[in-house]
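What you see is a predicted model; the values in this text were computed from it and never measured. Basis for what follows: all heavy atoms, side chains included, without hydrogens, waters or symmetry-related copies.
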Amino acid sequence: MLQYETLNEYRALMYARKLKDMFGKNAQLVCREIGDGNLNLVFQITDKLSGTSIIVKQALTYARVVGESWPLTLDRARIESQALIIQHSICPGFVPKVYHYDPIMAVTVMEDLSNYLIMRKGLAARKRYPHFARHLGVYLARTLYLTSDFALPSQVKKKKAAQFTNPEMCKISEDLIFTDPYFNSETNQFNPLAAERIEEIWNNNPLKLEVAKLKAGFLTHAEALIHGDLHTGSIMVSEEGTKVIDPEFSFYGPVGFDIGVVFGNLLLSFVSHGGHTQDAPERNYQAYLLATIEQIWGYFEQTFRELWEKESKERMTIVPGLLDSYLLHVLEDCAGYAGCEMIRRIIGLAHVSDLESIADPNLRAEGEKLALSIGQKLVLERRQIQDIKDVTCRVSEIAGYGTNQ
Ligand SMILES: Nc1ncnc2c1ncn2[C@@H]1O[C@H](COP(=O)(O)OP(=O)(O)O)[C@@H](O)[C@H]1O
Ligand SMILES: CSC[C@H]1O[C@H](OP(=O)(O)O)[C@H](O)[C@@H]1O
């Protein structure tokens, strides 16, 4: 293609037909648009003869969820494909393989993961994934450590940070996560039944100060190549495997952000499964979610420590105490960013189906208010957090379960 044109199912099929080495000459291709995200088009193209399939993902010139009134950079497709390639090289088992990137059409052609399920849907159905915590902990430690100043020569890292300068996508997060939800902004959308609680947040200056500090960290702490939007809709799971997709918000940012966004989304699932409930299946599933958070952190920390020991290039990493102090800083950030993610998914523009699917607005408001309380506590008390259990115990306490889940 010589110039950008928006794909539809027919055009995506024709596009796939022209891709070299992807399908045989006699392939019988069929195409389906399967995108359900806020921003892009996603086509699955299958050869009915061989069963071979690929994904063709195209960035639109605007945000899909809002329409043409919200123009968006096509450069996000470059960021996504280049981040996927790096993350796949670091963690081949946990990231889809990129087959082709087309800068003119803003298209990334990648491995089809349709035998996996979007994690948010699995969590809604109270499914348990036995390997998920280990996979994600390892993914986080490897992608974050191996792109950081600890593992890369400082000039290489700075060039990578320049390659992944992603100003327009970062601005979306700066506004939608760290700014708009704390004021009566036009972009906000919320359940009127939670309005009183939300107005309290707008008037809570100590909370706004802590969020402003976390935003300053997001703006300035170029620690590692982060995914930048690691919610449970960006993770695909099966009984055996875990895959992380959709890194179009990638940039050099704070390590605690990715971990915090995952935790925030697991906690949004937690609140969606009932507030002060005595119902045993609900409570069991909530306990599973808290255990998953503890395990992710455990595997992250263990792998990060091993990498620090074996892979460090930065000479000062041998100084006793630096690793412990860095991990504590990451844990604090992680709690704060988890809190920010929870709050923005209740007050801001982009909500999550975990809560949106609760039809009864009163019941939904209960979950939303619980999410706001947990989010607020994690932001405000993050400096008192020394251990991952300090996070999960706070959640249990607010949910009315005491501290011994
Ligand atoms: N590699 C893939 N394999 C299978 N399905 C995918 C793949 N990438 C995306 N999808 C599907 O498309 C949906 C939207 O993809 P996503 O990358 O999250 O788009 P957006 O950038 O618009 O958020 C996902 O929820 C998933 O169902
Ligand atoms: C208008 S962008 C809102 C929201 O959408 C992104 O998520 P996704 O592309 O995975 O659907 C991101 O979380 C943005 O904050």
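With hydrogens and angles ignored, the 3.5 Å screen pairs a side-chain donor or acceptor of Thr179 with a backbone N or O of Glu174. Lys97 places no side-chain N or O within donor-acceptor distance of the main-chain N or O of Pro92, the cut-off being under 3.5 Å. In this structure, the side chain of Lys208 engages the main chain of Trp202 through a donor-acceptor pair within 3.5 Å. Between the side chain of Asp102 and the backbone N or O of Thr108, no donor-acceptor pair lies under 3.5 Å. Not one N or O on the side chain of Ser353 forms a donor-acceptor pair closer than 3.5 Å with the backbone of Glu356. Between the side chain of Glu111 and the main chain of Pro96, no donor-acceptor pair closer than 3.5 Å is present. Side chain of Asn204 to backbone of Glu200: no donor-acceptor contact under 3.5 angstrom is found. Looking at Arg364, its side chain does come within 3.5 Å of a backbone N or O of Ile358 through a donor-acceptor pair. A donor-acceptor pair under 3.5 Å links the side-chain atoms of Arg382 to the main chain of Val379, judged by distance alone. Side chain of His227 to main chain of Glu248: no donor-acceptor pair is present (N/O by atom type, distance under 3.5 Å, no hydrogens or angles).
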Going through the checks in order, is the side chain to side chain donor-acceptor pair (under 3.5 Å) test met by Asp47 and Thr52?
-> CA-CA 5 Å; Asp47 173 10; Thr52 314; 4.9 Å; no

Please lay out, stage by stage, how Met342 and Leu268 fare under the test side-chain contact (heavy atoms from CB on, under 4.5 Å).
-> CA-CA 6 Å; Met342 295 185 79; Leu268 286 162; 4.3 Å; yes

Can you list the steps and then say if Gln286 with His273 is a side chain to side chain donor-acceptor pair (under 3.5 Å)?
-> CA-CA 7 Å; Gln286 288 178 316; His273 288 288; over 6 Å; no

Trace of the side-chain contact (heavy atoms from CB on, under 4.5 Å) decision for Val244 with Leu84 | CA-CA 9 Å; Val244 177; Leu84 283 173; over 6 Å; no

I would like to know whether Ile54 and Met110 meet side-chain contact (heavy atoms from CB on, under 4.5 Å); could you show each step before the answer?
-> CA-CA 6 Å; Ile54 56 169; Met110 70 183 108; over 6 Å; no

With side chain to side chain donor-acceptor pair (under 3.5 Å) as the test, would you mind laying out the steps for Asp112 and Ser53 before giving the verdict?
-> CA-CA 6 Å; Asp112 182 13; Ser53 58; 2.7 Å; yes

Would Lys157 and Glu314 count as a salt bridge (Lys or Arg N to Asp or Glu O under 4.0 Å) if you check the C-alpha gap in whole Å, the side-chain angles of each, and the deciding distance to 0.1 Å?
-> CA-CA 11 Å; Lys157 180 261 175 166; Glu314 161 53 46; over 6 Å; no

Given side-chain contact (heavy atoms from CB on, under 4.5 Å), test Lys215 with Thr220 step by step and report yes or no.
-> CA-CA 9 Å; Lys215 180 177 179 182; Thr220 60; over 6 Å; no

Can Asp75 and Thr73 be said to form a side chain to side chain donor-acceptor pair (under 3.5 Å), step by step?
-> CA-CA 5 Å; Asp75 192 46; Thr73 175; 5.1 Å; no

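Note on Arg394 versus Glu381: salt bridge recorded, some NZ/NE/NH1/NH2 to OD/OE distance being below 4.0 Å. Salt bridge status for Glu282 with Arg126: present, with a side-chain N to carboxylate O gap under 4.0 Å. Contact check on Arg32 versus Glu9 returns no salt bridge, with no Lys/Arg side-chain nitrogen under 4.0 Å from an Asp/Glu carboxylate oxygen. Residues Lys57 and Asp246 are paired through a salt bridge, judged by an N-O separation under 4.0 Å between the basic side chain and the carboxylate. Ion pairing between Glu239 and Lys127 fails under the 4.0 Å rule for side-chain N and carboxylate O.
Residues Thr232 and Ile118 approach most closely at O-CG2, 3.8 Å, considering heavy atoms. Annotation for Ile226 and Gly253: closest pair CG2-O, 3.6 Å, computed over non-hydrogen atoms. Annotation for Pro247 and Ile79: closest pair O-CG2, 3.9 Å, computed over non-hydrogen atoms. Across every non-hydrogen atom of Val255 and Glu223, the tightest pair is N-OE1, 3.2 Å. The shortest heavy-atom contact between Thr242 and His135 is OG1-ND1, 2.9 Å. Closest heavy-atom contact between Thr292 and Ala133: O-CB, 4.1 Å.
Atom CG of Asp324 sits in a crowded spot, with more than 12 heavy atoms from other residues, nucleotides or ligands closer than 6.0 Å. Annotation for Lys159: atom NZ does not count as buried by contact number, only 12 or fewer foreign heavy atoms lying within 6.0 Å. Residue Gln384 qualifies as enclosed at atom CD: its count of foreign heavy atoms under 6.0 Å is above 12. Atom OH of Tyr299 sits in a sparse spot, with 12 or fewer heavy atoms from other residues, nucleotides or ligands closer than 6.0 Å. Within a 6.0 Å radius of NZ in Lys313, more than 12 heavy atoms belonging to other residues, nucleotides or ligands are found.
Between Phe150 and Trp308, the ring-plane angle classifies as tilted under the 30° and 60° cut-offs. A tilted orientation is assigned to the rings of Phe257 and Phe178, their planes being inclined by 30° to 60°.
For the side-chain hydrogen bond (donor to acceptor under 3.5 Å, both in side chains) condition, the pairs that include at least one residue of residues 139-148, sequence neighbours left out, are Tyr145-Ser312. Screening residues 63-72 for side-chain hydrogen bond (donor to acceptor under 3.5 Å, both in side chains) gives Glu33-Arg64 as the qualifying pairs, with residues at least two apart or on separate chains.
Rounding to the nearest 0.5 Å places CG of Leu123 at 6.0 Å from CG of Leu289. One finds the CG atom of Leu72 at 9.0 Å from the CG atom of Leu60 (value rounded to the nearest 0.5 Å). A distance of 15.0 Å separates CD1 of Ile398 from NZ of Lys369, quoted to the nearest 0.5 Å. Residue Met14 holds its CE atom at 12.0 Å from CG of Leu7, rounded to the nearest 0.5 Å. The OG atom of Ser373 sits 4.5 Å away from atom CZ of Arg197, with the distance rounded to the nearest 0.5 Å. One distance of note links CG of Asn265 with CZ of Arg345; it measures 5.5 Å at 0.5 Å rounding.
A heavy-atom distance below 4.5 Å is found between the side chains of Ile86 and Lys160. The shortest distance between side-chain heavy atoms of Pro254 and Tyr337 falls below 4.5 Å. The shortest side-chain heavy-atom distance between Leu136 and Phe300 does not fall under the 4.5 Å cut-off. Taking the side chain as every heavy atom from C-beta outward, Leu327 and Glu332 never approach each other to under 4.5 Å.
Between the side chains of Thr187 and Asp180, at least one donor N or O lies within less than 3.5 Å of an accepting N or O.
Less than 6.0 angstrom separates the ring centroid of Phe251 from the ring centroid of Phe218.
Every residue meeting the salt bridge (Lys or Arg N to Asp or Glu O under 4.0 Å) condition with Glu301, not counting sequence neighbours, appears here in chain and number order: Arg305.
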